[in-house]
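Residue numbers start from 1 in every chain, and the chains themselves are labelled A, B, ... in the order their sequence lines are given, proteins ahead of strands. Just so it is clear, the values below take in all heavy atoms, side chains as well, and ignore hydrogens, waters and symmetry mates. Just so we're clear, the structure is a prediction, and the values are computed from it rather than from any experiment.
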There are 4 protein chains.
Amino acid sequence: MVGGMQIRTPACGPGRPGRPRSAAADTAILAATREALVELGWSKLTLGDVATRAGVAKTTLYRRWAGKNELVVDAVAELFGELELPDRGSLAADIEGVVLQFAAILARPEAKSGLMAAVAESTRDDALRERIRASIVDPQKDLVLEGRARAQARGELPAETDPAEAARTVDLIFDVVAGAVVHRTLVSAEPADEEWVRGFTRVLLQGLSPASAAPGPSDSPGTSDHSPGPSGD
Amino acid sequence: MVGGMQIRTPACGPGRPGRPRSAAADTAILAATREALVELGWSKLTLGDVATRAGVAKTTLYRRWAGKNELVVDAVAELFGELELPDRGSLAADIEGVVLQFAAILARPEAKSGLMAAVAESTRDDALRERIRASIVDPQKDLVLEGRARAQARGELPAETDPAEAARTVDLIFDVVAGAVVHRTLVSAEPADEEWVRGFTRVLLQGLSPASAAPGPSDSPGTSDHSPGPSGD
Amino acid sequence: MVGGMQIRTPACGPGRPGRPRSAAADTAILAATREALVELGWSKLTLGDVATRAGVAKTTLYRRWAGKNELVVDAVAELFGELELPDRGSLAADIEGVVLQFAAILARPEAKSGLMAAVAESTRDDALRERIRASIVDPQKDLVLEGRARAQARGELPAETDPAEAARTVDLIFDVVAGAVVHRTLVSAEPADEEWVRGFTRVLLQGLSPASAAPGPSDSPGTSDHSPGPSGD
Amino acid sequence: MVGGMQIRTPACGPGRPGRPRSAAADTAILAATREALVELGWSKLTLGDVATRAGVAKTTLYRRWAGKNELVVDAVAELFGELELPDRGSLAADIEGVVLQFAAILARPEAKSGLMAAVAESTRDDALRERIRASIVDPQKDLVLEGRARAQARGELPAETDPAEAARTVDLIFDVVAGAVVHRTLVSAEPADEEWVRGFTRVLLQGLSPASAAPGPSDSPGTSDHSPGPSGD
DNA sequence: GCTTAACCGAGACGGTACGTCAAGTCTTGTT
DNA sequence: AACAAGACTTGACGTACCGTCTCGGTTAAGC
């Protein structure tokens with residue numbers, strides 16, 4: 001599922017003595033966590049309540065997760081596991097597609113409440129940040145890598161020459177894409193809908209400068225002369 | 001200072017009878033809040049501890065703020081009040097300057113811990129989101145507006161024709177800039193230093209597409225949509 | 001009330017700042033403790049339940065008592081505070097009277113459950129033993145002293161000459177009297193009723209040996225140390 | 001050993017199917033129980049800890065005893081099994097001897113902690129009281145009976161005429177003796193040493209009244225005229 | 001200079017959730 | 001069938017903070 005979920009993997013081998021852990025409990029607990037996130041939000045979510053919802057004892061919960069943070073990260077990570085990168089034929093379309101998927105997940109209240117709170121906590125908890133990275137961030141970054149490879153195969157992007165520079169750029173792209181969607185959704189509290197995603201993709205690919213104002217995908221090509229372009233600051 | 005800070009302005013007129021509130025208390029409380037944020041982080045910050053640090057009774061604190069969320073927002077808002085937009089001569093330089101300032105503030109632990117947690121809470125509290133917007137977000141957005149006006153005066157950007165479209169674009173830019181810095185700082189947990197800011201500004205102004213890969217923002221490419229260029233991921 | 005009840009007497013002076021403790025809470029808590037002892041016994045008594053019964057928060061309870069042991073000792077001590085030593089005209093009658101009172105208190109289930117458990121705990125807790133001594137044992141021992149003084153005034157007992165020896169004897173008497181009643185009530189689980197108390201008093205005053213088997217305590221035997229008599233087992 | 005120890009005797013016949021119970025386990029468990037009583041006392045003794053000390057699974061423990069109470073009673077009963085009544089030549093000497101033995105056992109921490117707690121629990125648990133009676137109390141009472149028979153054979157005590165009255169007297173003696181030692185040891189927390197036992201035996205045999213003030217075993221006989229005797233209340 | 005109303009500190013109050021622990025049961029695989 | 005191991009449910013533990021309240025004692029402004 002997520003990996004590294006257990007507070008400490010107790011020698012998970014099958015020949016281990018004693019009663020094995022209930023596999024159904026994990027599923028029920030994570031589902032209950034998401035349900036509680038929707039109803040109560042992060043700050044009012046309590047582990048006792050999650051345990052009750054999951055039909056599980058509180059101790060079972062503490063046996064498997066170190067605390068609220070770790071539990072919520074795992075619960076939210078399952079949401080982001082749904083992200084895919086279907087081939088839509090062009091870099092712009094691929095970006096729009098995956099950004100819309102990301103935005104759709106982030107629009108769900110359990111993701112909103114849980115993810116940002118976990119990130120906030122991770123500023124003071126290196127292990128938590130690593131957990132978030134491993135179970136949520138890195139899989140997303142893999143999509144960026146896949147999209148770049150696809151665009152390079154299509155000839156839309158050049159093959160990178162300097163691997164270190166390439167890695168830096170991927171990180172940059174990822175921060176811009178994910179950050180913009182998150183900020184739009186959480187801080188501005190406006191939907192990252194198709195129209196916004198089109199505008200965002202245009203800026204991402206072509207930038208703000210009028211010099212680079214090629215017609216966006218929603219414009220009718222050839223009329224770019226009198227379209228003002230993505231003006232801004 | 002921040003505005004709307006008090007939980008309910010108790011008929012703030014100067015001729016009001018009774019002992020006036022201690023102005024020093026506000027200052028001490030907000031400073032103590034930031035101090036506690038640095039030492040403890042959001043989740044372990046308690047109002048009782050803040051009151052003790054500020055040399056103030058807990059009731060004094062509750063008399064002025066509705067709760068932890070509101071208090072922290074006000075404490076963090078003072079940090080962002082330092083943001084300015086000095087004229088550095090070009091749009092790119094202005095952007096780099098303000099983004100670096102923003103990144104410097106966000107690098108401080110009290111901002112990291114406090115801001116994201118407050119944003120997470122605001123997903124379930126409209127009043128809190130409005131407070132964040134009024135005291136933190138809108139002043140920042142004003143900087144974007146100011147920068148755009150300055151760039152238009154310099155001729156770097158065209159004057160907008162459609163005010164609604166212009167507003168949408170400002171919002172988009174703001175989400176991209178703020179979101180990228182926040183994501184870089186908090187999620188990727190890497191410093192948004194000068195090198196990163198340069199790369200980010202280039203992407204923001206010119207985009208990823210090789211089409212826009214001209215060396216300067218005033219350059220007029222358009223020669224080839226598919227010729228490989230230096231930028232891109 | 002009992003003395004030393006509070007976990008730490010918080011400078012009980014009247015001019016002390018802050019909200020004063022509710023005096024009614026103490027009364028309600030101790031009554032609730034006895035009620036719970038009757039219904040549940042020591043081992044199933046929980047502080048949370050006592051708090052609920054008393055209409056008081058659990059924290060209020062912990063603020064005033066260090067734990068279950070101390071609380072129960074104070075609750076039981078109030079029962080033994082009822083003991084008196086009315087003058088019934090003779091040493092034997094005085095003894096019978098006070099022993100019957102003691103037995104009546106010890107017959108109550110809250111005393112049975114609570115006292116012995118507290119004593120058992122006190123074998124590993126010096127502070128608890130001291131508390132028991134101060135609030136339960138010493139007041140009872142004072143009755144023994146008073147009874148002896150009264151008997152000496154009546155001429156039934158000679159005035160003591162060696163104070164140390166006198167103190168040892170008082171301790172011995174007390175252990176015999178209290179121990180016998182406790183053992184009868186708790187271990188043998190038989191009522192210490194009037195008949196038993198008469199028999200016990202006779203043994204206490206005259207002993208088992210036939211030599212002392214004269215009808216009244218003022219009788220002067222001494223004829224033979226070893227001649228068999230009517231009493232004895 | 002103790003009798004009725006098993007929670008349910010599982011058809012103890014030798015031809016019984018399945019793996020037989022480990023005989024060593026019982027010994028190890030009871031010894032571990034006493035060890036834990038010494039180290040932790042009753043209230044902090046846990047069955048899991050006992051199982052660990054005994055090198056036995058918790059389930060093995062529950063298979064044989066119903067709970068903590070029963071286990072501790074059996075563990076303590078083994079201590080009191082050591083009691084004997086050697087013939088010391090006189091009733092007084094016999095009493096002193098057995099009381100000293102009893103006091104020595106009761107001075108051991110595992111007896112102190114365990115016995116009184118079990119007695120306290122037995123006030124609300126008839127089966128437990130019966131178990132205590134059968135395995136601890138009745139064997140002790142048998143010693144009283146034996147001592148009386150011996151004293152009667154010596155002529156120190158008359159033969160009883162009314163069997164019911166005789167039984168009542170034995171019970172009384174037993175409550176007085178055991179109760180006094182227990183109270184001395186646990187409540188007064190003073191050692192029931194030889195000196196105390198001499199004083200106690202004198203009171204038991206001769207009573208408090210000066211009329212019956214024969215010289216005690218530690219007194220020099222013949223000087224009883226000016227010795228005040230066992231004064232007290 | 002005397003009210004008077006609102007402030008302030010201290011701290012007890014009824015609650016809620018925490019994270020831990022023990023009791024006692026159940027499920028494995030092994031002896 | 002008893003055993004060791006250990007996961008399970010249940011529920012109490014004692015702690016920490018919550019947000020409210022009740023005190024006694026300060027300040028100022030305004031009469």
Side-chain angles (χ1 to χ4, degrees), chain A residues 10-11 14-22 25 43-49 51-52 55-68, chain B residues 10-11 14-22 25 44-49 51-52 55-68, chain C residues 10-11 14-22 25 43-49 51-52 54-68, chain D residues 10-11 16-22 25 43-52 54-68:
Chain A
R16 174 171 60 96
R19 176 174 173 178
R21 287 188 176 169
S22 160
S43 62
K44 296 190 178 164
L45 177 147
T46 69
L47 295 199
D49 181 60
T52 302
V56 144
K58 205 168 45 151
T59 40
T60 298
L61 222 148
Y62 279 106
R63 207 176 291 122
R64 305 186 185 199
W65 285 274
K68 190 162 147 174
Chain B
R16 180 170 57 99
R19 177 177 173 178
R21 286 188 176 166
S22 160
K44 295 188 178 166
L45 177 149
T46 69
L47 295 199
D49 181 61
T52 302
V56 144
K58 206 167 47 150
T59 39
T60 298
L61 225 148
Y62 279 105
R63 219 173 278 128
R64 305 185 187 200
W65 283 276
K68 188 163 148 174
Chain C
R16 178 172 57 99
R19 177 174 171 175
R21 286 191 176 168
S22 160
S43 62
K44 296 189 178 164
L45 178 149
T46 68
L47 295 198
D49 180 60
T52 303
V56 144
K58 201 168 51 147
T59 40
T60 296
L61 227 147
Y62 280 106
R63 214 174 284 124
R64 304 185 185 199
W65 285 275
K68 189 162 146 174
Chain D
R16 179 168 57 97
R19 176 173 171 178
R21 285 188 176 170
S22 159
S43 61
K44 296 189 178 165
L45 177 148
T46 69
L47 295 197
D49 180 59
V50 169
T52 303
V56 143
K58 211 166 36 151
T59 38
T60 299
L61 221 149
Y62 279 104
R63 210 174 289 120
R64 304 184 187 200
W65 285 274
K68 190 162 146 174

Undergrad: Could you measure the distance from the NZ atom of B:Lys68 to the CG atom of B:Leu47? Nearest 0.5 Å is fine.
TA: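 Going from NZ on B:Lys68 over to CG on B:Leu47, the span is 7.0 Å.
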Undergrad: Quick check for you: to the nearest 0.5 Å, what is the distance between A:Thr60 atom OG1 and A:Arg21 atom CZ?
TA: 9.0 Å
Undergrad: At under 4.0 Å between heavy atoms, which parts of nucleotides 17-23 of chain F does protein reach? Answer with one letter per nucleotide, 5' to 3': B base, S sugar-phosphate only, - none.
TA: BSBBBB-
Undergrad: Would you say A:Arg21 places a side-chain N or O within less than 4.0 Å of OP1 or OP2 belonging to F:dA5?
TA: no
Undergrad: Expressed in angstrom and rounded to an integer, what is the separation of D:Leu61 atom CG from E:dA23 atom C1'?
TA: 12 Å
Undergrad: Where each residue is assigned the nucleotide of DNA chain E containing its nearest heavy atom, which of B:Val56 and C:Thr60 is assigned the position nearer the 5′ end?
TA: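 Whichever sits nearer the 5' end wins; that is B:Val56.
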Undergrad: Which heavy-atom pair separates A:Ala25 from A:Val56 by the least distance, and what is that distance?
TA: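 Here A:Ala25 and A:Val56 meet closest at CB-CG2, 4.3 Å.
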Undergrad: To the nearest 0.5 Å, how far apart are CG in B:Asp49 and NZ in B:Lys58?
TA: 11.5 Å
Undergrad: Any side-chain N or O of C:Ser22 under 4.0 Å from OP1/OP2 of E:dA12?
TA: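 No.
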